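Structure record follows, encoded as structure tokens.
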Amino acid sequence: MNAPSSTSLEERIIALIAAQGPISVAQYMTLALHDAKGGYYATRQPFGAAGDFMTAPEISQMFGEMLGLWCVQVWHDQGQPRHKRLVELGPGRGTMMADALRAAKVAPEFLLGLDVVLVESSPALQKAQAEKLKDSGAAIRWAPHFDDSMADRPLFLLANEFFDAMPVRQYVKTERGWCERMVVTKNGALDFALAPTPTPHAAIAASRAGAPDGGIYESAPASTALAEAIARIVAEKGGGALLLDYGYGENPGDYGETLQAVGGHRFADVLADPGENDLSAHVDFAAIAGAARHGGAAVYGPRAQGEFLADLGITGRAEQLMKTNPAAAQNLFSAVERLIGPDQMGNLFKAMALLPPSAAKPPGF
Ligand code: SAH
């Protein structure tokens, strides 16, 4: 696209569709989130009370601490390999990594020679993360995406609310078969339309035979490819990956769409003002598990985040923190409740772990 830089992202997407034809929902999502000039992650600081949404690590330091200790335990169970890498996908403000590294100090040998890599596509967020982690004591580097350069040693990988930002393609069940939902222009604005011919997608038809007319199936090719790549490294070199996200577990949901736009803590129209709102979709953990098994890893979960954190001992950690700072007791109580309460993040959010098939069961599962 050769549009001048003052053109809005929406205008550039409309020009792209005029030139190229309808684009997939996944391509729209990629542009709205990652376009270098107008994409949501590329241009804003979305997290926290002042931002668009609140994530678990921003609710309490206990979340990142539990995850750091999880890595230490898995490393310990696998004979404490000396050369190892700790990777976080989509670290946001860097809060979770800061808390994880601090907690991991209980095992100084884990931190010794640890290669820490933050996978972050947004230069603005990379900067925020560097600032947050400048006193962490760890040697940290950044990569714009996960790739095979991380295949040379045991891999410990954490990802919170990363897979929900992976672009989804949507297919709608019609009388003529599953048709892909595309983004088109109508009267000068962005709109949805079904592809006129069905997608020859035997796998959808077979696994979603019970879907009603109008039922929607979302697939996230980038998620499954990534899960398989991570699983391959973990299975071959050791380590463990822990993925936390909101999504559905064993069953494919109710065939409704889950793609959503959120801005300023409110839902917005997915196609309105691309780049202004966060776009995300429920994570299909069954699809991720299938891809990870194909990559050779053993899969644990998905398990409700609340049960997972409770098993790891988050309540005990809260009590410990209350003792050193009684004035914070009320805040600590409510943070634990938000993270593990079934009506809060405890049930909707799930944890899934990928380990080498020969490794012991990881904590929390
Ligand atoms: N884990 C953080 C932030 C979640 S938001 C938290 O829990 O608070 C998603 C994060 O992933 C952001 O940092 C975003 O910039 C990054 N991100 C999203 N898609 C990405 C991609 N395809 N490649 C690299 N980073 C991505």
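Keep in mind the model is a prediction, meaning the values are calculated, not measured. Every number for a ligand or one of its atoms is a count from 1 in the order of the listing. Hydrogens, waters and symmetry mates are skipped; everything else that's a heavy atom, side chains included, is used.
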**Prompt:** Looking at G92, which atoms of ligand 1 are within less than 4.0 Å of one of its heavy atoms?
**Reply:** 2 (C), 3 (C), 13 (O)

**Message:** Counting non-hydrogen protein atoms only, what is the nearest one to atom 5 (S) of ligand 1? Give residue, atom name and distance.
**Reply:** F47 CE2, 3.3 Å

**Asked** Does M166 have a heavy atom less than 4.0 Å from any atom of ligand 1?
**Response** yes

**Asked** On the ring face of F192, is R181 found with NZ or CZ under 6.0 Å from the centre and within 45° of the axis?
**Response** yes

**Complete:** Among non-hydrogen protein atoms, atom 4 (C) of ligand 1 lies closest to E161 O, 3.4 Å

**Asked** Under 4.0 Å between a Lys/Arg side-chain N and an Asp/Glu carboxylate O for E180 and R169?
**Response** yes

**Request:** Take D35 and Y40 through the test side-chain hydrogen bond (donor to acceptor under 3.5 Å, both in side chains) and record every step on the way to the result.
**Result:** CA-CA 8 Å; D35 179 82; Y40 178 75; over 6 Å; no

**Item:** Atoms of ligand 1, numbered as shown, that sit under 4.0 Å from any heavy atom of L125
**Value:** 12 (C), 13 (O), 15 (O)

**Asked** When only distance counts, is T55 in polar contact with ligand 1, meaning an N/O pair under 3.5 Å?
**Response** yes

**Item:** Aromatic plane relationship, Y246 with F349 - under 30° parallel, 30 to 60° tilted, over 60° perpendicular
**Value:** tilted

**Asked** Are E120 and ligand 1 in contact, using a heavy-atom cut-off of under 4.0 Å?
**Response** yes

**Item:** Minimum-distance protein heavy atom relative to atom 11 (O) of ligand 1
**Value:** G90 CA, 3.1 Å

**Prompt:** Checking S219 side chain against P221 main chain: does a donor-acceptor pair fall under 3.5 Å?
**Reply:** no

**Item:** Aromatic centroids of Y248 and F285 separated by under 6.0 Å
**Value:** no

**Prompt:** Nearest to atom 7 (O) of ligand 1 by heavy atom, N160, D245, D164, V119: which?
**Reply:** N160

**Asked** Of all the heavy atoms in P144, does at least one lie under 4.0 Å from an atom in ligand 1?
**Response** yes

**Asked** Please state which protein non-hydrogen atom is closest to atom 18 (C) of ligand 1 and give its distance, to 0.1 Å?
**Response** H34 CE1, 3.7 Å

**Prompt:** Has the side chain of Q129 got a donor or acceptor atom that lies under 3.5 Å from a matching backbone atom of L118?
**Reply:** no

**Fill in**
Under 4.0 Å from one or more heavy atoms of P57, ligand 1 contributes atoms 6 (C), 7 (O), 8 (O)

**Message:** Taking R232 first and then E236, would you say they form a salt bridge - that is, a charged N and a carboxylate O separated by under 4.0 Å?
**Reply:** no

**Prompt:** Where is the nearest protein heavy atom to atom 24 (C) of ligand 1: which residue, which atom, and how far?
**Reply:** S121 N, 3.3 Å

**Top protein contact for atom 17 (N) of ligand 1, by heavy-atom distance** = F162 CE1, 3.8 Å

**Item:** Sub-4.5 Å side-chain heavy-atom contact between Q73 and W75
**Value:** no

